[in-house]
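In listed order, ligands and their atoms are each counted from 1.
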Amino acid sequence: MAGNAVGLGNFVRFPTQVAQNGGGAFMVPYFIALFFLGIPVMWIEWVAGRYGGKYGHGTLGPTYYLMARERVKPKSALWWGVISGMLAFSLTVLLNSYYLHLIGWSAAYSYFSATGAYFGQNTGEFFGNYLGNHAQVMLFWGITVILLAIAVGQGVSKGIERWVKVMMPLLYVFAIIMVGYVFVLGSPIDPNWSTIDGFRFIWSPNWAYLKDHFATVMLAATGQIFFTLSLGMGIIQNYASYLGPDDDVALSGLATVSLNEFAEVVLGGSLAVPLATAYAPKIVPPEVLAQGKNEALAWIGQKFGLGFSYTSLPNVFVSMGDIGKLFGAMWFLLLWFAGFTSAIAMYNYLTALLEEDLNIKRKVGTWVVLVLYFIAGLPVVYISGYLDQVDAWVSFQLTLLALFDIIVAVYLFKPDNFWKELHQGAYMKVPGWYKPILLYIAPILLLIPLIGSAQSLVGATLEWPARLAIIFMWIIGAVESYYSIKRKYSEEIEKNEII
Ligand code: PHE
Ligand code: NA
């Protein structure tokens with residue numbers, strides 16, 4: 001689960017969001033979302049996953065059908081299942097359409113570090129040139145996806161687990177060393193621009209900015225919490241479905257959150273943003289630099305989007321001289337691996353879907369998914385702006401599905417059943433005050449950013465290619481989950497009696 005949660009969300013997406021959303025202004029709703037949404041929704045998804053697993057389901061549609069059926073008639077439960085399954089499917093494909101590219105970028109940068117390709121260059125321009133070379137981008141993407149298909153085709157557990165146990169601790173150790181280095185680096189090129197200013201940017205709350213951009217910053221923070229914890233997508237449920245009925249979920253869920261948040265806030269937060277600050281004079285045009293630190297960071301965040309880390313991190317390896325080539329190659333390889341293990345979780349969801357619902361063999365299914373990924377990934381490379389638009393939409397839809405988590409797996413499943421399930425086999429007792437948080441506070445915290453940002457997001461941010469992709473994935477997802485529920489439960493749905 002930690003290999004699933006810890007990924008490029010921590011080291012690539014988090015710093016980008018921090019830079020784009022006013023630094024300290026972002027961190028306030030971020031921590032609120034962590035405690036009031038991230039932790040409880042993590043529990044919900046572990047509970048729901050283990051519950052679905054008891055009935056042989058690893059995907060969201062049938063699982064949520066069964067949970068909703070506890071309170072409503074099968075015909076209504078069917079629709080709760082269909083919509084949840086639809087959101088989960090479309091999210092998995094949309095998110096992967098660019099997530100796999102981010103992993104490919106890491107592979108490329110591992111290679112560029114080893115060869116010293118970006119040494120002595122403007123790292124902003126270098127990144128732009130890299131993205132412009134489509135053949136190269138597709139090459140590193142292709143290597144990544146084929147390795148993924150092979151890994152998933154052979155079954156997730158054994159081999160991958162062995163690798164995760166070595167590579168994840170290595171990533172933590174390596175990141176801790178890097179953070180120490182960033183701390184003492186100070187001002188490597190200009191005395192007015194130091195890494196410490198970057199820490200200040202994150203850790204001093206910026207109330208004025210938060211007030212002016214309330215709904216967008218809140219959605220960004222909530223979306224990031226779900227993205228980084230792999231929540232709101234059916235992915236945690238899928239992994240939890242492999243558990244036995246008495247395996248702990250309460251403490252394991254909390255441990256997943258803790259491991260991920262350490263890697264995100266402490267490690268991820270101490271690398272790209274401080275480095276971007278220290279090296280801003282090299283990347284940012286002088287007229288923007290003159291406006292101040294916040295403006296400079298926002299400029300990098302806007303200009304490069306999810307490329308934020310790839311433009312700032314390489315500088316630190318350059319500063320190390322020749323040994324930096326080795327360090328850089330290793331760092332980006334570890335990053336690649338962190339992304340890879342997250343991508344496996346998503347890939348596994350789609351193959352499970354094909355396997356359970358359509359009886360397509362795992363070996364065949366992995367190649368079907370590969371083709372789907374290939375098609376979904378093309379607009380990311382060829383339509384400019386598409387990547388960041390889809391990513392903004394992903395934040396929204398993750399938040400929406402988390403709302404469905406609460407409605408279906410708590411309210412319709414009945415809160416008492418949920419609480420009992422949560423403590424079945426648990427290694428810890430969840431404090432009682434998390435009940436009202438789950439029932440009342442969390443839904444409100446989800447609704448505020450959803451309502452507040454829907455209009456500007458759908459009306460202004462999304463352009464037609466992104467809109468069409470979203471609608472298209474919804475249609476496939478809805479048909480698929482309708483079919484998957486119907487084929488197993490059509491009899492009771494026809495009868496439509498409370499069970
Ligand atoms: N949590 C992963 C990360 O931080 C991304 C992810 C999202 C993985 C959703 C699976 C499902 O990189
Ligand atoms: Na994460």
Side-chain angles (χ1 to χ4, degrees), residues 1-18 30 33-34 37-39 41-42 45-46 49 58-60 87-106 144 148 152 156 160 164 167-168 171-172 175 221-241 253 255-269 271-272 306 308-309 334-353 369 373 390-391 393-402 405:
M1 283 288 199
N4 174 342
V6 177
L8 300 177
N10 305 49
F11 296 96
V12 173
R13 196 174 188 273
F14 175 71
T16 310
Q17 294 289 333
V18 170
Y30 180 85
L34 171 60
L37 294 170
I39 294 172
V41 173
M42 182 63 84
E45 299 206 349
W46 277 75
T59 60
L60 217 53
L87 293 174
F89 172 85
S90 61
L91 267 170
T92 306
V93 179
L94 289 170
L95 203 157
N96 268 286
S97 69
Y98 63 92
Y99 197 77
L100 295 170
H101 276 294
L102 299 184
I103 306 176
W105 297 356
S106 294
T144 301
L148 258 177
V152 175
V156 193
I160 298 299
V164 169
M167 297 290 267
M168 293 297 293
L171 177 76
Y172 279 78
T222 311
Q224 175 59 23
I225 280 294
F226 293 137
F227 188 103
T228 191
L229 293 172
S230 304
L231 294 172
M233 251 179 87
I235 300 298
I236 295 287
Q237 285 98 329
N238 177 246
Y239 268 24
S241 75
T256 310
V257 173
S258 312
L259 279 168
N260 182 74
E261 288 311 304
F262 180 76
E264 175 141 312
V265 174
V266 181
L267 303 178
L271 295 171
L306 285 162
F308 184 85
S309 282
L334 285 170
L335 212 54
W336 178 88
F337 190 81
F340 193 81
T341 52
S342 299
I344 283 183
M346 291 185 264
Y347 211 132
N348 194 60
Y349 186 84
L350 295 176
T351 41
L353 216 137
V369 174
Y373 277 176
V390 172
D391 185 52
W393 175 259
V394 161
S395 274
F396 186 86
Q397 199 170 312
L398 291 172
T399 309
L400 185 62
L401 186 47
D405 279 348

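Screening Leu60, Leu401, Thr92, Leu398 for a side chain to side chain contact (heavy atoms under 4.5 Å, CB included) involving Leu87 leaves a single residue, Leu401. Of the listed residues (Thr256, Asn4, Asn238), just one forms a side-chain hydrogen bond (donor to acceptor under 3.5 Å, both in side chains) with Ser230, and that residue is Asn4.
Between Leu34 and Val257 the shortest side-chain heavy-atom distance falls below 4.5 Å. When side chains are defined from C-beta on, Asn10 does not count as touching Leu267, because their heavy atoms never get closer than 4.5 Å. Side-chain contact between Phe340 and Met167 is absent, with no heavy-atom pair separated by less than 4.5 Å.
The number of protein N, O or S atoms lying under 3.0 Å from the Na ion (ligand 2) is 5.
The nearest pair of heavy atoms linking Gln17 to Gln224 is CG-OE1, 3.8 Å.
Ring orientation note: the planes of Phe227 and Tyr98 are close to parallel, at an angle under 30° on the 30°/60° scale.
Looking at residues two or more places apart in sequence or on another chain, you find no ring pair (Phe, Tyr, Trp, His ring centres under 6.0 Å) involving Phe89. Listed by chain and number, the residues in a side-chain contact (heavy atoms from CB on, under 4.5 Å) with Ser342 are Tyr99 (sequence neighbours excluded).
Sorted by chain and number, the residues within 4.0 Å of ligand 1 by heavy atom are Asn4, Ala5, Gly7, Leu8, Gly9, Asn10, Tyr99, Phe227, Thr228, Ser230, Met233, Ile235, Ser342, Met346.
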